[in-house]
Amino acid sequence: MAISIRDNFFLTSQEAQPPMVRNEHGHPSFTLTVDGKTLQAYEGQTILSVAIDNGISDIPNLCNDEKLEPTSACRMCLVHVEGAERPLPSCNTPAEPGMVVTTNSDELFHIRRTNLEMMLSDHNAYCQPPCQVDCPTHIDIPGYLELIAQGEMKEAARLVKEVLPFPFTLGLTCPAPCQKACRRTLVDEEIAICRMHGHAAETCLLDPPLPYVQDPPTGKKVAVVGGGPSGMTAAFYLAMRGHYCKIFDMQPQAGGMLRYGIPEYRLPKDMMDREFAQLWDMGIDFQANVKLGRDFTIDDLFAQGFDAVYLAIGCWTSNDLRVPGEDAEGVVNAIRYLGDKVEGKPVPVKDGDEVIVIGGGFTAFDCTRTSLRLGAKVHTMYRRGRTEMGATTEEVEDGEAEGTHLQLYVSQTRVVSENGRVTGVEFQRNKLGEPDASGRRRPVPVPGSEFVLNCDTVIPAIGQAVDTSVLDDASGIKWTKWKTIQTNPHNFMSDREGVFAGGDCQMGAKTIIEGVAQGKLNARSIHSYLMGEDMNEVARRLELEERRPDLFDIVPYKPVEPKVKMPMLPYEQREKSFGLIEMGYLKEQAQREASRCLQCACPAAGQCDLQKYSIEHGLADNRFHDGEPSDYHDYDLDLSHSFILRDPNKCINCTQCVRVCHDVIGPDCYGMFGKGFDTIVSTPFNVSLHDTDCVSCGACVQVCPTGSLMMAERELARYSFALDRCIFCGDCVEVCPHGALGETPNFELSFFNRFGEDVTLEKNDLANAPDYLVRQRLPRGKKALPVMSPLVRPLPARSIRD
Amino acid sequence: MPKFEQSHRLLRQNTDADVRSLSAYRGISGYAALEKALRELTPEQVNQQVIDAKLRGRGGAGRLAGEKWRIVRESEDEQKYVICNAYDADARSLAARTLLERNPHQVIEGILLAAYAVGATEAYLVTRSTTPEGATAVQQALQEATEANLVGRDILSTDFSCTINVLGVDIGFMGGEETVQMAVIKGRRGMPEQRPPFPAQYGLWDKPTAINSIETLVNVPGIIRDGAVAFASAGSASTGGTKILTIYASPGSEPTVVEVPFGASLGDILEHAGLHPTESDVRAIVVGGAEGGALPLSLLNTPYDFDPLEEAGAIVGSGIIEVLPSNTCMVSWARERSAYLSKESCGKCVPCRLGVKRITGILEGVVSDLGVNGDLDVLDEFAEYVPNGSLCGFGVQATNPLKTAKRYWPEHFTSHIQELQCPTGTCVPVRAHRFVTKHVLP
């Protein structure tokens, strides 16, 4: 008939209780044991509040708040109480004299972790976008994809330009680490994140947006040595900050490796120049055909009045093959080969030649595919396997489809030449051995497997290095053992004050996007240096900003939607053609593809208790994915309220908002809706929050342990205050979720001082109050905001009508 | 076989006189116990008699009712309450409505005696509004009793006063939970509260509250009138008195209501109800209603009492005994029970709201022949997790069907998982996708 459990019943009224003692404050208290420690407790305290008062803060809880009646819904604060059959929630169980409590055990950990797994199994939301974390420049990817989905292409380009000045160029050339992290793969296929910002920027290439308003000129001058992606990025953001920038480059035109290392079929240079034109419009100067070390030194730059120097000289030296015979005629420098092709100079490959390209990175495939387009027969030779290649899978597959003869696990042993001219290369086959320092398995030669491949030209593309000859010891710059420029790892200042370095010359040959990211960080660091900040503090700040956050991956219930494929130039049309192979999206295609984004961006990430506890409990797997639609909920958002945004998909039914609205504030806007598995916190009759008695106090947002309730951005208004009607009840102090109001020890007053001098209320008592008692703020998570220090100045008494 | 006829005390048989009116009830010495208590006994003595009779709560918990009352009585609070739980959580149980319909005055007398024993002046009776006959009968009786000065101020011209309010609600299975009823009386959503603190110390409006099942209270007049020894003459050594059971010969059949002494074996009870189950046509006996456990026929000699039933995996629960036919697939049965319970949960605590739903999902996978061996481990894990983590008795008992089905019919699970066929050939697929595990922490 009734539902009840056969739990043992304490006959507390009968048992002889240890006598109450009085503690140092004179309050009656008793002792109990928590985790072997004897603690003092007041009558009527719960176990949880005793633990918190005594510094035991490792009892997790998601539904408790000190100013609310406990509800014990989340079951996270369960503890063992000696004599009880089942674990009891510490938030609700009264402390009793002589109680013996254990707050941690394997069983409790398991129950807590399963609770979290249960909550996350119906948590139709995400924490943080991994694409944004994995992108070296941390573009707001969900942000611009949403803008593209709405057709706001220029605004999307503007958003990208906040951290990446060249979205069009990178859209075509970036290896897209963001796409490897895309969470859409858990539903179907990743999103074409990278191509999307390319598309957005392409639509406004002739009228590019500035990311934000450019600062007025500061009068500071920065010299940027090297006009590649890193140097140009740094110049862009320094110019945004109002500093004068001048770029010095050894090549005739700007772009560095973007121009001279990337073939025309991947990046049309005329389009790239249009994107670069924005920099010249911003007032950045460019001096071509001057080389550091040959035409000028760092001392010269300082002598010319520059306040800081940014070295982004890149890696322009090809590594040697280190085999006999490589100085023969017909062994071609890969970088020079690509550069000459771009400049339209004669190149040593012609129709019908046989070319051997050695290497497996991007440069190797650029050389391969350039040679193919020149009509040559190409062999691409790599000493390890496909998975170890530096180039992306698409690049390798495209190269093969365009006709290269790819051979894996082969190492060159010597270059065969006749009369000083190359006729072939001898190779030896490899097998894989033990992993080396980089984690890749070391190729081990197989004796006797040597063979000779005939050719007219050999293009070694096995890595690039910095040209160390450009800086002498007098420059004050030191080199690392990897022959890169030595800098502070976080603020990028080299051993010479005012000289910064970034990009390939600082980190070794890496991807374009990493160079851009370093340019952006360098601009921040150089700006701070020019503003006279402590560089150690800058390093600390940048390190914190770049630290990889803890992520929590949640796979919600979302319908499958196929990827919109990028239209590509057919293979047969690529022969002997340097036309762009990626033909680009139509606007509708781009919008459709961008709308596939799951918007894995929760504004509460990092403040969310559910996320925090899940990471703490090492919840690596969830066992309840991919069930039927009826196993999950997909609620509509309620964004109608001006200040409070509701996303029931993230609600864990802790009912803190229900209780705070009913018990503390009063309007009673929330309640539990539905029954069983479909129970959800909502408003009366499920109306929009806008239509309830909500007073917009924000207390519900304050207590929400997840991102289910969030404050909308709001413009702070000036609040008028009818002092002649105030009865000093202090209710406003009590309910203010932001601690903006406080009270004196005499409980007299409420004051506000949001606008500094404009304080309206003083009473003589208040003015003379010796100290100011801040009401205790809510202690946890999102609530652990710093207590606003209220400003109470003893002003002379004046009439309230003043 | 015990003499079931002698144990008819509460249930009026068809041959018995109709005692719905006050005069008829007085005719069988009704309200004699109340008069005796008010005029001759102190509240302590009334309470002591109930303790001596070993009257255990019929609601399912099986606690001594007298001990609960003593805690309420000894509390220093001035205001105390009595609540009579006349809400059949399981709508298929007919116990409460039968008592209300046929014995309304005995219910009122029991409530008054409890109020006298604990020192309460306000009592509530919570019942289902879906079966208005019971509520109407008790309200009529209440009217009569009020007019006869048996309820209200200065009852029988003593200084004992007590009002009784009848509350008819329809809030599903959870309405039978005692703290849910207190929430409903307060006008809150029907959700249980964590115990401890127990209602006896911290109940309705935070006051000490004696909340008892209607079956418990209806026994009290007899105890006071005839004494504890007479009461304990029927029943087992540990549990005195009788129990009203609703018996279903098959899941769809018309129910029979019987009254049996505690300690009678399940086989005898079924025989008393006119059923003779045999291995060939009966798969299982479900004892305890929606949250009850299924027992095989080999356990027919289990005595009907709190501890033996719990040992076997079943519960007293709603007081329902149901016979499942031999073509029942126990996996499918556990799935149906779990699906029903996942809809009836109040949705407050995580293990019950989501745990029971996930159990249902896994069982649906097994029934649809999508199960894997690992599912059995997850089911075992959740059969422990949900009771250990849940807030109230609903969650604690919610995995009983699953636990007993796995304990007594493991071959039904392995048949579905390993041979991909239903042991009885009756299951149809109910889902197309089973749950899969995905890595979530990068």
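Throughout, protein chains are lettered first and strands after them, A, B, ... in sequence-line order, and every chain is numbered starting at 1.
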Once you round to the nearest 0.5 Å, how far does [atom1] of [X] lie from [atom2] of [Y]?
| X | Y | atom1 | atom2 | answer |
| --- | --- | --- | --- | --- |
| A/F673 | B/R189 | CZ | CZ | 10.0 Å |
| B/K348 | A/M672 | NZ | CE | 8.0 Å |
| B/L354 | A/M119 | CG | CE | 8.0 Å |

Quiz prompt | Carboxylate-amine/guanidinium proximity below 4.0 Å for B/R431 and A/D631 | solution = yes
Looking at chain A, which one of [options] has the largest number of heavy-atom pairs inside 4.5 Å, strictly under?
| options | result |
| --- | --- |
| B/I362, B/I320, B/N388 | B/N388 |
| B/G374, B/G361, B/P351 | B/P351 |
| B/Q181, B/M191, B/R434, B/K343 | B/K343 |

Taking [X] for its side chain and [Y] for its backbone only, find out whether a donor-acceptor pair lies under 3.5 Å.
| X | Y | value |
| --- | --- | --- |
| B/E344 | A/G676 | no |
| B/E193 | A/T71 | no |
| A/R86 | B/V396 | no |

Quiz item: Is the distance between the ring centroids of B/Y340 and A/F677 less than 6.0 Å?
Solution: no
Heavy-atom side-chain contact between [X] and [Y] under 4.5 Å:
| X | Y | answer |
| --- | --- | --- |
| A/T114 | B/E381 | yes |
| A/D621 | B/K438 | no |
| A/H625 | B/T437 | no |

Between [X] and chain B, which part of the residue has a heavy atom less than 4.5 Å away: side chain, backbone, both or neither?
| X | result |
| --- | --- |
| A/T655 | neither |
| A/E117 | neither |
| A/S614 | neither |
| A/I111 | both |

Relative to chain A, which segment of [X] carries a heavy atom at a distance below 4.5 Å: side chain, backbone, both, or neither?
| X | result |
| --- | --- |
| B/P192 | neither |
| B/E384 | neither |
| B/R128 | neither |

Practice problem: Could you go through the side chain to side chain contact (heavy atoms under 4.5 Å, CB included) check for B/R358 and A/S121 one step at a time? | Solution: CA-CA 9 Å; B/R358 297 305 176 225; A/S121 76; 3.1 Å; yes
Practice problem: Using the side chain to side chain contact (heavy atoms under 4.5 Å, CB included) rule, take A/K675 and B/I171 through it: C-alpha gap first, then chi angles, then the decisive distance, then the call. | Solution: CA-CA 10 Å; A/K675 196 170 141 188; B/I171 47 173; over 6 Å; no
Practice problem: Grab the two heavy atoms, one from B/C349 and one from A/S72, that are nearest each other, plus how far apart they are. | Solution: CB-O, 4.5 Å
Practice problem: Identify the heavy atoms of A/M118 and B/Y385 that sit nearest to each other, and give their distance. | Solution: CG-OH, 3.6 Å
Exercise. Would you indicate whether A/D106, at its atom CG, is surrounded by more than 12 heavy atoms from other residues, nucleotides or ligands within a distance under 6.0 Å?
Key: no
Exercise. Apply side chain to side chain contact (heavy atoms under 4.5 Å, CB included) to B/Q194 and A/L88, showing your working.
Key: CA-CA 9 Å; B/Q194 176 73 34; A/L88 291 172; 3.8 Å; yes
Exercise. Give a yes-or-no answer on whether the side chains of A/T679 and B/R353 include a donor-acceptor pair shorter than 3.5 Å.
Key: no
